[in-house]
Number of protein chains: 2
Amino acid sequence: MRSVSKPYDQYCPIAHALDMVGERWSLLIVRELLHGPKRYTDLSANLPGIGTNILAARLKMLEGCGIVAKHRLPPPAASQVYELTPYGAALKPIMRELALWGLSSLGPPKADEEMFPGWLGNALDVVFAPVAPDGSFEFRIAGEVASVVGGEVHEGPAAEPDAVVEGDAAGLYHLFVDGEWQDVTVTGDRALLERLLDAAATASGGTPAFATR
Amino acid sequence: MRSVSKPYDQYCPIAHALDMVGERWSLLIVRELLHGPKRYTDLSANLPGIGTNILAARLKMLEGCGIVAKHRLPPPAASQVYELTPYGAALKPIMRELALWGLSSLGPPKADEEMFPGWLGNALDVVFAPVAPDGSFEFRIAGEVASVVGGEVHEGPAAEPDAVVEGDAAGLYHLFVDGEWQDVTVTGDRALLERLLDAAATASGGTPAFATR
DNA sequence: CCGCATCCCCAAAGATACTG
DNA sequence: CAGTATCTTTGGGGATGCGG
């Protein structure tokens with residue numbers, strides 16, 4: 001196991017976890033890899049401001065801890081990709097809780113907020129996928145299209161969606177956080193979509209994370 | 001809301017969460033406050049290596065984010081304490097997941113590992129309290145004594161414990177992680193204790209965190 | 001182009017001394 | 001007790017270089 005340069009030096013599972021993924025950028029790299037392998041350059045592009053040396057160092061660290069693995073794609077794609085190991089993928093529930101907790105004080109997106117490519121699939125994967133009821137949902141938000149089918153998230157449209165949500169990022173925010181439907185266009189099975197939203201808003205404890213502040 | 005000096009500048013709930021609690025030491029301070037208010041000096045004592053300026057800066061940051069609050073104790077105790085707000089206490093499920101994830105690669109304690117005071121109550125609070133069945137459990141581990149009664153954790157012994165676990169830190173580790181009972185002394189209702197262990201080992205997803213690597 | 005390694009500079013973290 | 005002030009060290013951000 002590769003060790004961080006400044007470990008906390010406490011025998012504590014939380015301190016140990018933070019020694020592995022507590023450094024700056026580490027969990028955002030994990031976030032990028034949550035729904036599929038990515039190349040070094042794509043990681044760099046989706047993490048504005050990271051600096052190539054830091055990205056390389058973090059990847060080496062995560063690899064040393066058994067959280068990510070580096071694979072060489074079969075020819076003719078002569079590039080290499082990073083992907084989460086099962087141990088790294090076990091961080092998903094943590095990312096989900098962290099996202100719900102952060103969302104409760106994030107506020108709606110401003111018009112000038114920069115959205116990185118793939119954010120919608122990312123959001124669906126973290127927030128909806130683990131609790132999605134049977135059915136297929138398609139989201140068309142701010143130019144991105146992604147769908148949740150049987151608890152699996154895919155980039156792009158669904159084949160025969162039971163419900164389609166269309167709008168911008170602020171509309172999706174108000175739909176999910178505030179339960180306001182007027183800022184998005186919903187077609188199809190509204191009741192099923194409502195079940196999805198309710199399931200997602202109910203964090204593991206049974207209390208909506210948004211009611212805690 | 002107080003802002004971190006180097007924000008990630010992404011509209012993403014995870015990035016926003018990390019802007020609040022992602023800096024070094026922040027989550028360990030939250031850990032210290034998880035099961036009750038503490039004074040500045042006690043925080044400093046339980047976080048070896050933190051440096052007083054960093055502790056002061058982090059507390060100010062956490063206070064500005066609405067995660068901790070500073071209270072002055074009523075006379076004659078003329079001191080002040082820090083405690084989690086409801087918003088800060090909502091981090092508990094995250095800390096629990098993080099602890100279970102970290103525990104799966106932590107390994108048993110070495111003989112020379114330093115244990116900070118209150119670690120046992122902390123561990124019980126994070127790992128057992130949210131899932132504890134009815135009943136009262138008393139733990140006497142490595143000089144510390146704490147108990148779980150009706151899902152609540154208290155420092156010190158239980159009044160009429162249904163089960164008592166006695167031993168050292170390594171024994172508790174092997175009991176919980178490996179399911180080996182021979183390194184601790186258990187008296188009372190072993191079946192009830194087993195239910196507690198099973199409930200705790202089963203993380204939110206239904207899979208024991210320890211099987212993922 | 002992709003995947004880093006190197007270099008420089010500044011800001012944050014560590015250590016210690018000191019003060020209301 | 002509860003921090004602030006100061007100094008040193010180190011990690012991070014940004015630009016650039018360089019082999020494959």
Side-chain angles (χ1 to χ4, degrees), chain A residues 2-10 15 18-29 32-33 37-64 68-83 114 117, chain B residues 2-10 15 18-29 32-33 37-65 68-83 117:
Chain A
R2 185 186 176 85
S3 178
V4 72
S5 54
K6 281 185 194 173
Y8 286 116
D9 278 326
Q10 290 193 3
L18 293 175
D19 278 339
M20 293 188 285
V21 297
E23 288 178 302
R24 187 166 170 80
W25 294 109
S26 289
L27 280 181
L28 289 188
I29 294 174
E32 286 303 307
L33 298 177
K38 280 202 171 60
R39 291 178 306 171
Y40 184 94
T41 310
D42 297 330
L43 288 172
S44 183
N46 281 354
L47 296 169
I50 191 178
T52 61
N53 51 345
I54 302 296
L55 178 56
R58 292 295 177 275
L59 285 171
K60 212 163 285 182
M61 171 75 183
L62 293 171
E63 201 182 344
V68 308
K70 195 198 302 192
H71 289 298
R72 187 164 300 278
L73 289 184
S79 81
Q80 43 193 347
V81 293
Y82 292 89
E83 70 179 341
E114 52 178 318
Chain B
R2 186 185 176 85
S3 178
V4 72
S5 55
K6 281 184 191 172
Y8 285 116
D9 277 326
Q10 290 193 3
L18 293 175
D19 278 338
M20 294 188 286
V21 299
E23 288 178 301
R24 187 166 170 80
W25 293 109
S26 290
L27 280 182
L28 289 189
I29 294 173
E32 286 303 306
L33 299 177
K38 279 202 172 61
R39 293 177 304 172
Y40 184 94
T41 309
D42 296 330
L43 288 173
S44 183
N46 281 353
L47 297 169
I50 191 178
T52 60
N53 50 347
I54 302 296
L55 178 56
R58 291 295 178 275
L59 285 172
K60 214 163 286 184
M61 172 74 182
L62 293 172
E63 202 182 343
C65 291
V68 307
K70 195 199 301 191
H71 289 298
R72 186 165 299 279
L73 290 184
S79 82
Q80 44 194 347
V81 293
Y82 293 89
E83 70 178 340

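Quick note on labels: first sequence line is chain A, next is B, and so on, each numbered from 1.
Residues satisfying the side chain to side chain contact (heavy atoms under 4.5 Å, CB included) criterion with Ala69(B), sequence neighbours excluded, are His71(B), Thr85(B). In this structure Asp42(A) satisfies the salt bridge (Lys or Arg N to Asp or Glu O under 4.0 Å) test together with Arg39(A), sequence neighbours excluded. For Leu28(B), the side chain to side chain contact (heavy atoms under 4.5 Å, CB included) partners are Tyr8(A), Ile14(A), Ala15(A), Leu18(A), Trp25(B), Arg31(B), Leu47(B), not counting sequence neighbours.
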Identify all pairs in which a protein N or O lies below 3.5 Å from an N or O of nucleotides 11-13 of chain D, and state each distance.
unit_1: dG11(D); atom_1: OP1; unit_2: Ser5(A); atom_2: OG; d: 3.4
unit_1: dG12(D); atom_1: OP1; unit_2: Arg58(A); atom_2: NH2; d: 2.4
unit_1: dG12(D); atom_1: OP2; unit_2: Arg58(A); atom_2: NH2; d: 3.3
unit_1: dG13(D); atom_1: OP1; unit_2: Arg24(A); atom_2: NE; d: 2.8
unit_1: dG13(D); atom_1: OP1; unit_2: Trp25(A); atom_2: NE1; d: 3.1
unit_1: dG13(D); atom_1: OP2; unit_2: Trp25(A); atom_2: NE1; d: 2.9
unit_1: dG13(D); atom_1: O6; unit_2: Asn53(A); atom_2: ND2; d: 3.4

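Of the possible donor and acceptor atoms, none in the side chain of Glu63(A) sits under 3.5 Å from a partner among the backbone N and O of Tyr82(A). When atom types are taken as modelled, the side chain of Arg24(A) and the backbone of Lys6(B) share a donor-acceptor pair closer than 3.5 angstrom.
Among the heavy atoms of the strands lying under 4.0 Å from Thr52(A) is at least one base atom, whether or not backbone atoms are also near.
Pairing analysis of DNA chain D (Watson-Crick: purine N1 to pyrimidine N3 plus N6-O4 or O6-N4; G-U wobble: N1-O2 and O6-N3; both under 3.5 Å) yields stems of 3 or more pairs at C:1-19 with D:2-20.
Summarising the geometry of Met20(A) relative to Ser26(A), their closest heavy-atom pair is O-OG, 4.5 Å, with the distance given to 0.1 Å. Across Leu59(A) and Val68(A), no two heavy atoms sit closer than the pair O-CG2, 4.0 Å.
Running 5' to 3' along DNA chain C, contacts with non-hydrogen atoms of chain B at under 4.0 Å begin and end at dA12(C) to dA17(C).
Between Val21(B) and Leu62(B), some side-chain heavy-atom pair lies under the 4.5 Å cut-off. In this structure, Val4(A) and Pro7(A) have side chains that are in contact, with non-hydrogen atoms separated by less than 4.5 Å.
At whole-Å resolution of the value, NZ in Lys38(B) and P in dG3(D) are 16 Å apart.
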